[in-house]
Participant: 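Take a look at the following structure, please.
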Protein chains: 2
Amino acid sequence: MRATELALGVDPTLPEPLFLQVARGLMDAIRAGRLRPGDPLPGSRTLAASLGLHRNTVLSAWRELHAEGWLQTHPARGTFVAEDLPLRRHRRLRAAPPAGVAERAGYDLGPLAPPGPDEALPRGALALLAGHVDVGLVPREALSRALRRALRDHGAQALSYGDPQGTLALREALARWVSSRRGLSAGPEHVMITRGSQGGLDLVARTLLGPGDLVAVEHLGYRPAWEAFEAHGATVVPVAVDHHGLRTDLLPGLLRRGSLRAVYVTPHHQYPTTVTLSAPRRMELLAFARAHRVAVLEDDYDHEFHYGARPVLPLASADAHGVVVYVGTLSKLLAPGLRAGFVVAPEPLIARLARARRAVDRQGDQVLELALAELLEDGELERHARRARKVYHARRDAFVEALTGDLGGVLRVEAPAGGLALWAPVDPSVNVERWAERARALGVLVHTGRRFVFEGRAPDALRLGFAALPEARLREAVRRLARALSPACGA
Amino acid sequence: MRATELALGVDPTLPEPLFLQVARGLMDAIRAGRLRPGDPLPGSRTLAASLGLHRNTVLSAWRELHAEGWLQTHPARGTFVAEDLPLRRHRRLRAAPPAGVAERAGYDLGPLAPPGPDEALPRGALALLAGHVDVGLVPREALSRALRRALRDHGAQALSYGDPQGTLALREALARWVSSRRGLSAGPEHVMITRGSQGGLDLVARTLLGPGDLVAVEHLGYRPAWEAFEAHGATVVPVAVDHHGLRTDLLPGLLRRGSLRAVYVTPHHQYPTTVTLSAPRRMELLAFARAHRVAVLEDDYDHEFHYGARPVLPLASADAHGVVVYVGTLSKLLAPGLRAGFVVAPEPLIARLARARRAVDRQGDQVLELALAELLEDGELERHARRARKVYHARRDAFVEALTGDLGGVLRVEAPAGGLALWAPVDPSVNVERWAERARALGVLVHTGRRFVFEGRAPDALRLGFAALPEARLREAVRRLARALSPACGA
């Protein structure tokens, strides 16, 4: 270890003699494991110079440490940490973590929220989990090259402080994309780049919501969105969903309950039930929002994945009055590990989102943003979307067929018009939670109705993701699900 | 445009006849500019098939549109959008933005915060701004290669959902790094990866603070930290800073004012005055925090950049009682565009940070995290730190020399022991704001005392960053600063 790396923390303004500070610093370094038995020490002259001390100070410290058995000197070879340290025996008895960080916090902490159900995916498990895509389809080489080009050709810009709203190149590319593909004519000034759709929802919540505000949400619904709204002080009010989506007829009743600031919806494929919000309800929702100055947070998380013949345009494309805050993402389209979402909204909101962003994390990852802009502009992302849509479409069909064949008696299976998962009500005679536990024991992971409930009884249902696994694995997962049904099976 | 790309939004559950829906959808596409005059339409058979409609429905729609002048048919060539559209004249009269996004939001918005002073750096300006580093020193090739390897060798992991606490590889590498370099013996379980130090501060604030809580902050101090605390409902209480750093003697008095939850400090090089928190005050702060269960948020934003002989260890390295929440970053060391910070703290806090993170943006950028882990482990980052330290050290000296020579009469210049900027009190006879305005007119950007004030009068001082510019440019900037002093100069 070089002298300048020893980090002894000597301070001449302290009352403690300098040589004792040096000695104590060295003992700490040994105790912390930064210096090990037998390690050579820097020469006293070098160390003294690097600490700005007189050499005698260092020699005095050495003498102390020798006397206490911390150091050994080999003539001609120099000074070393003793092989048999005073703390050695003591040390062997210590519990595992050699860390200096305290075990407990010295201030009060709130309760620890329970872990998400999929925070530790067992290796090799067949995960039928909503939102999981097949990252094997990601054009990694193209992404690698785009990242390299972003660094090589735009490095000075990409590595510096930038616009908290996101790099202009990606905002332009996204504006063109949503204009041509989603009927949502926007310019780059209407686009804010975020860390995935979750980053968008949280930033919008931070900007629009506060204590005392109500947010109507679909129920069943998407818990991470509720958590973002609640984190900023708002009160979440669940509103029922039926076969046509959110029950918009229930919204006027909420106005009496307090200051309704926003309605959160997933109109394309409702999360988790996959139903599409019907056209009359879309109109009703927009009219309601306009009349009462309520923001509509439209989470269009899987726009690209629609297998039916009829593309459904986002609510935002029909919004002439600036009530819709449109939240989209490339993370589902490409890979959840690439956090790249965006918000499309009137400029006054975008400006406030960008200002708020400065205190959240200053700005996005400009290297990634430039790379994604390139992939969008050269059509790579569109080609990937087409490939992935085709693959997931086939998987959906194979999955539905297998489920109908093996589990048609207990599951009500309907092919969803789009998305990466299906919603399957379970026969009430089956204990869904126990079934899911047994399936987990057989290496199959599923989400049960409980996950999507805000309050009250969980529905007897499973949400089953089919996008991440090839057909043969999907069929194997279904076979195991069927085995897990039998009460004779383990768990 | 292909039939499937037309995105007409037809819905059979609507009362409106299907042929009218098709017609209206096409008119909307033309109005929105997705279809232009002269564009060919897909064949009626293809379009009908893609919409799941009978061909007659599409033909009825075409007839309607013909009648209204939206379409033209060329025998044998097909159907086209009319060259002379009904809306053409009207359109020419429209204001500039062809966007469908409304100009105003249809819900209430709070006031817009003023822009940050450096949000629009004029091109070619000599930016003497704190926090700006020389991104030209970044080992871009090594970073590019590391990103490529992360995608190639760990792509399946890096692109999937992962641990909101951060990838284990980077947490391990950082734990080793702070253990060996900062006297802060930590394991990966004590480390949380964040989006830069701002992301760490905001996440800690979100987890620890709420309405009614007080946070003591250094004054003068760092506004983006204040903004993060306030965004989560806390009240910021400024505490004076003198030549030994934070006036810890003033802390006990705050206990009477409410629930003091945290003290925010920059002990290494106080922001903005660059003073180092003295050893007795460090002890006092830790003892105070321990006694009153107050968290100490230590922002060690520029640890690597210390030019003196005596390395100063972080407060956290002396914290036996878990009161310090240590916030570090690689963004200053490498480049502000790479958002990579970390928090080191007792496990119970780290667990809560990780849970909170799920609702913020789910997880970090794992590709970048894996790449940075590699650069840390193979010593590339350490080599870069040495190179950068050397370069910035020389720039500091040249800058101080130039300032002393050209502006010694109005500026009190002292070489800071570390960091990327110096703090220079200005003679009270000079109007600092006017000077800065004139300097800006001459292409030199500086931060004035105003930027660091929470309340009350701004100090007559400049904070001048020297890291981003080579010596000759620094000298040029100083010459222009001197010119800007003369009242004869423009602006």
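Letters go in sequence order (proteins before strands), and every chain restarts at 1.
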Participant: Under the criterion side chain to side chain contact (heavy atoms under 4.5 Å, CB included), I'd like the reasoning laid out for B:Val325 against A:Tyr107: C-alpha separation, chi angles, the key distance, then a yes or no.
Facilitator: CA-CA 10 Å; B:Val325 180; A:Tyr107 38 82; 3.3 Å; yes
Participant: Tell me, out of A:Glu347, A:Glu230, A:Arg104, A:His292, who's got the most heavy-atom pairs with chain B below 4.5 Å.
Facilitator: A:Arg104
Participant: If you count heavy-atom pairs under 4.5 Å between each of A:Val323, A:Leu159, A:Val135, A:Val360 and chain B, which one has the most?
Facilitator: A:Leu159
Participant: Name the region of A:Ala158, side chain, backbone, both or neither, that has any atom closer than 4.5 Å to a heavy atom of chain B.
Facilitator: backbone
Participant: Of the listed residues (A:Gly200, A:Pro336, A:Ala468), which shares the most heavy-atom pairs with chain B below a 4.5 Å separation?
Facilitator: A:Pro336
Participant: Under a 4.5 Å heavy-atom cutoff, which of A:Pro224, A:Gly364, A:Ala335, A:Ala340 has the most pairs with chain B?
Facilitator: A:Ala335
Participant: Need one label for B:Leu203: side chain, backbone, both or neither, based on atoms under 4.5 Å from any heavy atom in chain A.
Facilitator: neither
Participant: Name the region of B:Ser179, side chain, backbone, both or neither, that has any atom closer than 4.5 Å to a heavy atom of chain A.
Facilitator: backbone
Participant: If I measure from the heavy atoms of chain B, does A:Ala351 come under 4.5 Å with its side chain, its backbone, both, or neither?
Facilitator: both
Participant: Could you look at A:Arg145 and say if it's the side chain, the backbone, both or neither that has a heavy atom under 4.5 Å from chain B?
Facilitator: neither
Participant: Side chain, backbone, both or neither: which part of B:Val344 has an atom under 4.5 Å from a heavy atom of chain A?
Facilitator: side chain
Participant: As an exercise: rank A:Arg140, A:Gln366, A:Arg223 by heavy-atom pairs under 4.5 Å with chain B and give me the winner.
Facilitator: A:Arg140
Participant: Without hydrogens or angle criteria, can the side chains of A:His321 and A:Arg290 be said to hold a donor-acceptor pair below 3.5 Å?
Facilitator: yes
Participant: At a heavy-atom separation under 4.5 Å, does A:Asp319 approach chain B through its side chain, its backbone, both, or neither?
Facilitator: backbone
Participant: Using non-hydrogen atoms and a 4.5 Å limit, figure out which bit of B:Ala320 sits close to chain A: side chain, backbone, both or neither.
Facilitator: backbone
Participant: Under a 4.5 Å cutoff for heavy-atom pairs, which residue among A:Arg148, A:Glu227, A:Gln157 has the most contacts with chain B?
Facilitator: A:Arg148
Participant: In terms of heavy-atom proximity below 4.5 Å to chain B, should A:Leu208 be classed as side chain, backbone, both, or neither?
Facilitator: side chain
Participant: If you apply the rule side chain to side chain contact (heavy atoms under 4.5 Å, CB included), what do you find for B:Asp361 with B:Arg195, and how did you get there?
Facilitator: CA-CA 10 Å; B:Asp361 61 357; B:Arg195 308 274 194 191; 3.0 Å; yes
